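Reviewing the structure listed below.
Quantities reported herein were computed from a predicted structural model and do not represent experimental measurements. Side-chain atoms are counted along with the backbone in the values below, which use heavy atoms only and exclude waters and symmetry mates. Residue numbering restarts at 1 for every chain, and letters A, B, ... go by the order of the sequence lines.
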Amino acid sequence: MNADEFGQRVLEWFDAHGRKHLPWQQNPTLYRVWVSEIMLQQTQVVTVVPYYRRFVERFPSIRTLAEADLDEVLSLWAGLGYYARARNLHRAAGILRDRHGGEMPLDIALVQALPGVGRSTAGAILALSTGQRQPVLDGNIKRLLSRFAAVPGWPGQASVLARLWTLAECYTPTERVADYTQAMMDLGALVCAPRRPDCRLCPLAMGCVAHAQNREMDFPGAKPRRDLPVRATRMVMVRLATREILLERRPPVGVWGGLWSFPECPLEADVVDWCQERLGLRVAIQPLWKSLRHTFSHFHLDITPVPVIAEAECAKAVLEGERFVWYKSDDVQRLGMAVPVRLLLTALTDDLLNYEDRNE
DNA sequence: TACCCGTGGCA
DNA sequence: TTGCCAAGGGT
């Protein structure tokens with residue numbers, strides 16, 4: 001099947017079955033498509049939609065995003081995961097304001113130079129928004145092309161990736177590039193699905209090498225797996241008599257970067273001493289609960305909650321600031337707490353306060 | 001190159 | 001319960 005026929009079949013399928021009512025497909029400006037592409041990195045459409053709506057309503061333009069506080073950007077991102085995306089998006093908006101007149105450039109090299117924008121995202125922004133002929137190679141298209149051409153190997157491998165990019169370039173048409181790009185992602189998501197590809201619905205089945213060999217599930221090649229490492233940490237839940245609980249802003253990099261959580265006490269430290277030296281608080285430790293395991297895609301995190309009661313009345317004056325905050329449970333969303341942390345906080349805080357109630 | 005970075009759905 | 005996967009990019 002040559003490239004012309006490939007594109008023709010994909011576009012015919014799109015006209016009949018493609019997705020045309022996603023929020024970012026309405027008024028698909030460079031800004032709106034950019035935000036959507038960042039949110040959609042490693043994240044499914046159904047998850048993104050509500051976040052996207054809230055985000056573009058609050059930040060309808062590059063300039064409003066650039067002028068916003070990172071805290072507010074993170075708070076709208078809380079629950080989506082991969083928070084570096086939000087930090088990069090905010091930083092890129094500032095770059096566009098300062099160096100590009102507040103506009104997204106049309107030169108793919110400049111787009112790709114923005115933090116958080118790689119080759120595929122840059123291509124998608126320009127192709128979907130302006131119809132510029134740029135190849136895209138997201139997870140859907142990788143899978144579709146891997147099967148169509150029976151490309152062996154795991155796409156994380158550089159040589160395999162290079163071959164897929166060559167195929168993506170080759171098949172990208174010169175007309176209707178936006179529809180074609182959307183169609184390829186839709187085909188990958190809806191027809192050439194990871195687990196149960198439905199080749200009866202596929203406009204490319206007659207040219208698909210994997211299908212001809214009945215080996216659809218052999219492509220793309222599997223990622224080499226290794227055991228997830230286990231990390232351990234200790235989260236100190238400092239409570240005041242007023243039932244307020246101490247949160248600390250996490251470092252800008254690393255897990256839940258820039259979000260708020262319980263202060264983490266090093267495992268080797270003594271909790272009481274650590275609270276005295278680090279927080280300036282005299283505390284009494286309450287009974288220890290069992291640790292809980294939070295599993296990420298790439299490691300296990302064993303968290304030991306350590307509830308303590310702080311005695312110092314001067315605590316608020318000492319700690320109030322950019323780095324620490326005393327909160328009552330309603331403030332969590334405002335602070336930009338990641339969902340698992342919020343659930344963690346809610347559950348643990350409830351337990352903590354119940355414990356207090358039981359002992360009053 | 002090999003990690004690092006989240007969360008929800010699914011079998 | 002567990003592992004796998006999803007519109008990737010940064011370091």
Sugar-phosphate only, base, or nothing, as touched by A:A124 at under 4.0 Å among non-hydrogen atoms: nothing
Partner residues of A:R119 under the salt bridge (Lys or Arg N to Asp or Glu O under 4.0 Å) criterion, sequence neighbours left out: A:E169
Phosphate-side-chain proximity, A:W256 and B:dT7, N/O vs OP1/OP2 below 4.0 Å: yes
Whether A:F6 and A:Y180 hold their rings parallel, tilted or perpendicular, with breakpoints at 30° and 60°: tilted
Residue-phosphate contact under 4.0 Å: A:H298 side-chain N/O, B:dC4 OP1/OP2: no
Protein-nucleotides 2-4 of chain C N/O pairs under 3.5 Å:
from	atom 1	to	atom 2	distance (Å)
C:dC4	O2	A:R195	NH2	3.1

Phosphate OP1/OP2 of B:dT7: any A:Y83 side-chain N/O under 4.0 Å: yes
Pair of N/O donor and acceptor under 3.5 Å linking B:dG6 base with A:S297 side chain: yes
Atom-to-atom span, CZ of A:R91 to P of C:dG9 - whole angstrom: 15 Å
Residue whose closest nucleotide on DNA chain B lies nearer the 5' end, A:P229 versus A:S159: A:S159
Distance test, side-chain N/O of A:R231 to OP1/OP2 of B:dC5, below 4.0 Å: yes
A:L89 side chain near A:F55 side chain, heavy-atom distance below 4.5 Å: yes
Pair A:D186-A:Q182, side-chain donor/acceptor within less than 3.5 Å: yes
A:A158 or A:R87, whichever maps to the more 5' nucleotide of DNA chain B: A:A158
Working for side chain to side chain donor-acceptor pair (under 3.5 Å), residues A:T121 and A:E37: CA-CA 6 Å; A:T121 300; A:E37 287 302 321; 5.3 Å; no
Residue from A:L40, A:L128, A:V56 passing side chain to side chain contact (heavy atoms under 4.5 Å, CB included) with A:W24: A:L40
Ring centres under 6.0 angstrom apart (A:F296, A:F299): yes
Test item: A:Q132 side-chain N/O and A:L106 main-chain N/O as donor-acceptor pair under 3.5 Å: yes
DNA chain B contacts made by residues 32-47 of chain A, counting heavy atoms under 4.0 Å: A:Q42, A:T43
N/O (side chain, A:R143) to phosphate O (OP1/OP2, C:dA6) under 4.0 Å: yes
Test salt bridge (Lys or Arg N to Asp or Glu O under 4.0 Å) applied to A:D138 and A:R143, step by step: CA-CA 9 Å; A:D138 67 352; A:R143 182 171 57 253; over 6 Å; no
Nearest-nucleotide 5' precedence on DNA chain C, A:Q182 against A:N88: A:Q182
Which nucleotide in C:dG8, C:dA6, B:dT7 has an atom nearest any side-chain atom of A:P194: C:dA6
